[in-house]
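In what follows, a structure is listed as C-alpha cells, so that the remarks can point back to it.
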4 protein chains.
Amino acid sequence: MPILGKTKREVVTEFRMAELVAAARKVFSERGFHNATMEEIAQLAGVAKGTIYLYYPSKQAAYWAAMEQGILGMLEATRRNMDVAGTVEAKIRTFIECKISYCEQNRDFFKIYYSEFGHSLTQPLRLRKQFRELYAQQARILKEVLEEGIRNQEIRPVAADAAAFAICDLTRSAATQRVLGWDKGELRNAVDFIFDLVWKGLGSR
Amino acid sequence: MPILGKTKREVVTEFRMAELVAAARKVFSERGFHNATMEEIAQLAGVAKGTIYLYYPSKQAAYWAAMEQGILGMLEATRRNMDVAGTVEAKIRTFIECKISYCEQNRDFFKIYYSEFGHSLTQPLRLRKQFRELYAQQARILKEVLEEGIRNQEIRPVAADAAAFAICDLTRSAATQRVLGWDKGELRNAVDFIFDLVWKGLGSR
Amino acid sequence: MPILGKTKREVVTEFRMAELVAAARKVFSERGFHNATMEEIAQLAGVAKGTIYLYYPSKQAAYWAAMEQGILGMLEATRRNMDVAGTVEAKIRTFIECKISYCEQNRDFFKIYYSEFGHSLTQPLRLRKQFRELYAQQARILKEVLEEGIRNQEIRPVAADAAAFAICDLTRSAATQRVLGWDKGELRNAVDFIFDLVWKGLGSR
Amino acid sequence: MPILGKTKREVVTEFRMAELVAAARKVFSERGFHNATMEEIAQLAGVAKGTIYLYYPSKQAAYWAAMEQGILGMLEATRRNMDVAGTVEAKIRTFIECKISYCEQNRDFFKIYYSEFGHSLTQPLRLRKQFRELYAQQARILKEVLEEGIRNQEIRPVAADAAAFAICDLTRSAATQRVLGWDKGELRNAVDFIFDLVWKGLGSR
DNA sequence: CATGAATGAGTCTTCATTCAT
DNA sequence: CATGAATGAAGACTCATTCAT
C-alpha cells in the first residue's frame, strides 16, 4: 500500500540515509576525515557500525556523500536566489551573500568543504577531479554573470574566469572568518565589504 | 674545538635537521599528513626511522617544523622585499608578487601550507593557534601598509585588517592556481590582476 | 487436500530445499566454504537471505546438506550398478567407473567433496565424524567385494580394508584429474588403467 | 664483527623466522587457513602481531611459507634417499617410505599440505599454480624412475606420468591413515602394501 | 648519536545470523 | 512462510613510537 508514491520501507530508508549523512557530516567536520571513525558516526546516527555499510560502501563514500549533498545544496540555494535578482550587480551581491549565509547555517558542511580544499593538493587525482568539478560549477555561474557585466560595460574587460575564482575565494575566506568567529559583525557588512571591493575593483571606470 | 661558535656536533646536527625537514616537507606535501609515513621520510632523508625521533619528538612535530620553516622563509622574503619598496602601492604589489613567487618556487612547502588551512577547522585547538599566529603575522605586515595608505588618503577608509585578509586570500588563491598549473601565464599578469582589483577596489575615489 | 501423501506445502518445501541445495552446491564449489556467502547462495536460489535459515539452521548445515546429498547420490548410483554386475572383477570395475563418471557429471558436488577431504584434518571432530562415516560406507561396499574375491582366490589374501581405501583413493585421484582437465582422454582408459593396476596388483598370482 | 659469515642480527632474524614458520605451521594445521588468526600465530611464536608482518607481508604469505618449506623438505629428503637406492625397485620403495615417514614426522606440515589439495579446486588460479608446481616435482622424480623401469622391462609399458600420480596419491592416502591414527601398524607394512600393489600392478608379467 | 626490530593500539570492513514486518 | 534491514563480533593489517644494541 504505497502512499504518495513511497512505501513505508522507502520512507524509513530515506530517513536512515538522512540521519547517516548528518551524522557523518558532523563527525567528519569535527575530526577531519582521518580522525573520524565509523564507530562514532554509527553511534551518533544511532545504528550499528555495519549498518553504515548498507548505505555507503566505504568511509570515503560516506564522506563524499556528506560533502556532495552540502555542495549541491549550496549551489541550489545560490542559483535560486540569483535567478530572482535582476541586475548584474544584484546577482553578484546575491552570490556572495548566499554562499556566506549558507556556510554559516551549515557549519558542519562548511568545515568539511573547506578542509577538502586543503586535501585537494595531496589527494589522489580521482577524488580531486570530482571535487573540482563541483567547485568549478559555482565559478561558472558567476563567470556568466561577469561576462554579462562586461558586455554591458558595467565591468571592465577582465578575464572573467579569473575574476570568478577570485570572488569565490574572497567569499569563502569571509565565510571562514565568520564560522571561526573571527568576524562577529553583521553579515551585511561582510557582504558589503567584498562586494564593494569587487565592484569597484572590476568597475569600468 | 668550537669554530665560529659551533662545535662539529652542532654543525652535523644542523645539517641533519635540515635534511630531515626537507624530506618531511617533500613527503608530507606529496601524501598529506595522514598518509605520510615516518618510514618514507626517514628513507628520503637517508636515516633510520628512529633517528627522526632524536630530532623531533613526534610526527606532528616534524610536520610542524617543516611548515614553520617554510612560513618563516616566506615571511622573511616578503618583508625584505617590501622594505625596499618605497610607496604603499609598491609595497602591496611586492607583497603579492613575493608570496606567489615564493610559493611557486617552494611547491612542497606550499602544498603543506595550503592543506593546513583545510586542517585548521578540524584540528585540535592548540595546533590551530600556532598556525593562525604565523598566518596573522603576514596579515599584520600588510595591515600596517594599508593603514599608511589610508592615512595618505590613497586608500579609502576601510577596515584595514579585513582588507589585509582579503589580499592574503586572493594571493593564496592565485598561488594555488599557478602551482596546480591551471594558470600558466606570466607571473606578472597574475600579480597585476590581483593588484588592480585591490587597488581599484580600495582606491580612494 | 493431500495428494500422493503430500500436501501442497510439503511439495513447495521440497522444491525450495532442492533449489537451495543446488544453489549452495554451486556457490560452495566455486568459492569454497569460507569464501562463499549466504547472500550469494540466496540470490542464486532466488530467495532472500533469511529464507535459507528457514530450511537450514546455519551455513555449515547448508554446506553439509549439499555434500551429503551428493555423496548419497554417488553411493546409490554405484551400488545400483554394482548389483547388476555379476563377477568380482566386474564389480570392481563398475565401482571405479561409476565413481569417476558420477564425479564428472556432478562437478559442483565433486569440488565440495574433494575439498572436504582437505578440511577433514583441520575441522572440529564432530564434523569429521559425519564425513568419515559416509566415506567409509563406500569403502565398505568395496571391501565386501574384495573379501569375496579373496575367498574365491581371485585375489591374494591382502588386508581387504586397506585395499578398499587404496582403490577409493586411486579412483578419486583419477576423477580429480579428469575434472581439472589434466586428463582429457576417454573415461574407459582411465578406468582400465586403475583397474589393471589394482587387479594385477592384488591378483592371486 | 661477523662470525661464520653471519652477524648476530642475522642469526636472530633467522631464528625468528624459523619460530614464526613453526608457529604458523602449527596454527594453520590445527585450524585451517581461514580459522587461524594472526594473533594466535603471534602468541605461539612469542611475538606481537605486527612482528609477523615484518617477515611475511600477509597471512597468505605466512601460510605459503609454512607449506613451501615443508614440501621442499620432503622433496629434499626423498630425493636424497632415492639417490642412494640402486635399483628401480628400491627407488620406488624408498619414495613411498620417505614420503610416509616424513609426513608422520612432520604432522603439522602434513595437515596443511593435505588440506591444500582440498583448496586446489576452489582457490584462485595463481595460488593453485604455485602449489601444483611443487606437487608436480614429486611426480616428476618418480616418473623418471618409472621410465627407467619401463626401458629395463621391469615395468610394463604404461603411461609413466599417470602411474607416477597414482603412486603419489596412494602414498598420500597411506600417510593420511597413519597421521589420523586409522592405521596404527608398522610403517614397513604400509610401505610393503603399496609397493606390492604397485610393483605387481605395473610389473611386466 | 644512530639504528631498525619489535610493539600493540587502533580501524575499516565483512558477513553469519536475527527478527520485526 | 518469506523478507531483507540491522546487528556486532571478529580479524587482517598499518604505523607511530620505543628501546636494546
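In what follows, every chain begins at residue 1, and chains take the letters A, B, ... in the order their sequences are listed.
Within residues 51-64 of chain D, the residues that place at least one heavy atom under 4.0 Å from DNA chain E are, in residue-number order, D:Thr51, D:Leu54, D:Tyr55. Listed in residue order, the members of residues 16-44 of chain C having a heavy atom less than 4.0 Å from DNA chain E are C:Ala36, C:Thr37, C:Met38.
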Would you sort out whether A:Phe117 and B:Tyr114 count as a ring pair (Phe, Tyr, Trp, His ring centres under 6.0 Å), showing the intermediate values?
CA-CA 8 Å; A:Phe117 279 93; B:Tyr114 187 76; 7.3 Å; no
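With sequence neighbours excluded, the residues forming a ring-ring contact (aromatic ring centres under 6.0 Å, His included) with C:Phe109 are C:Tyr102, C:Tyr113, listed by chain and number. Scored by the salt bridge (Lys or Arg N to Asp or Glu O under 4.0 Å) test, D:Arg107 finds no partners at all (sequence neighbours excluded). For A:Glu68, there are no side chain to side chain donor-acceptor pair (under 3.5 Å) partners, not counting sequence neighbours. Shown here are the side chain to side chain donor-acceptor pair (under 3.5 Å) partners of A:Ser29, two or more places apart in sequence or in another chain: A:Asp108. Here B:Tyr63 pairs with B:Glu116 under the side chain to side chain donor-acceptor pair (under 3.5 Å) rule; sequence neighbours left out. Scanning for side chain to side chain donor-acceptor pair (under 3.5 Å) contacts around B:Arg132 gives an empty result, with sequence neighbours left out.
If you check every strand for non-hydrogen atoms under 4.0 Å, A:Thr13 touches nothing.
Mapping heavy-atom proximity under 4.0 Å, the span of DNA chain F touched by chain D runs 5' to 3' from F:dG11 to F:dT14.
Taking the ring axis of B:Phe33 as reference, the NZ or CZ atom of B:Lys59 stays within 45° of it and closer than 6.0 Å to the ring centre.
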Side-chain donor-acceptor pairs under 3.5 Å in residues 43-54 of chain A, sequence neighbours left out?
{"unit_1": "A:Gln43", "atom_1": "NE2", "unit_2": "A:Glu39", "atom_2": "OE2", "d": "3.1"}
{"unit_1": "A:Thr51", "atom_1": "OG1", "unit_2": "A:Ala48", "atom_2": "O", "d": "3.3"}

Side-chain donor-acceptor pairs of residues 15-26 of chain A under 3.5 Å, sequence neighbours excluded:
{"unit_1": "A:Arg25", "atom_1": "NH1", "unit_2": "A:Gln69", "atom_2": "OE1", "d": "2.8"}
{"unit_1": "A:Lys26", "atom_1": "NZ", "unit_2": "A:Glu30", "atom_2": "OE2", "d": "3.0"}

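When side chains are defined from C-beta on, D:Tyr55 counts as touching D:Thr13, because their heavy atoms get closer than 4.5 Å.
Judged by atom type and distance alone, D:Lys49 does not reach the base of E:dT7 through any side-chain donor-acceptor pair under 3.5 Å.
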Pairing string of DNA chain E (Watson-Crick or G-U wobble, both atom distances under 3.5 Å; | = paired to other strand) is .||||||||||||||||||||
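When each of A:Val12 and C:Gly46 is assigned the nucleotide of DNA chain F with its nearest heavy atom, C:Gly46 is the one assigned upstream, toward the 5' end.
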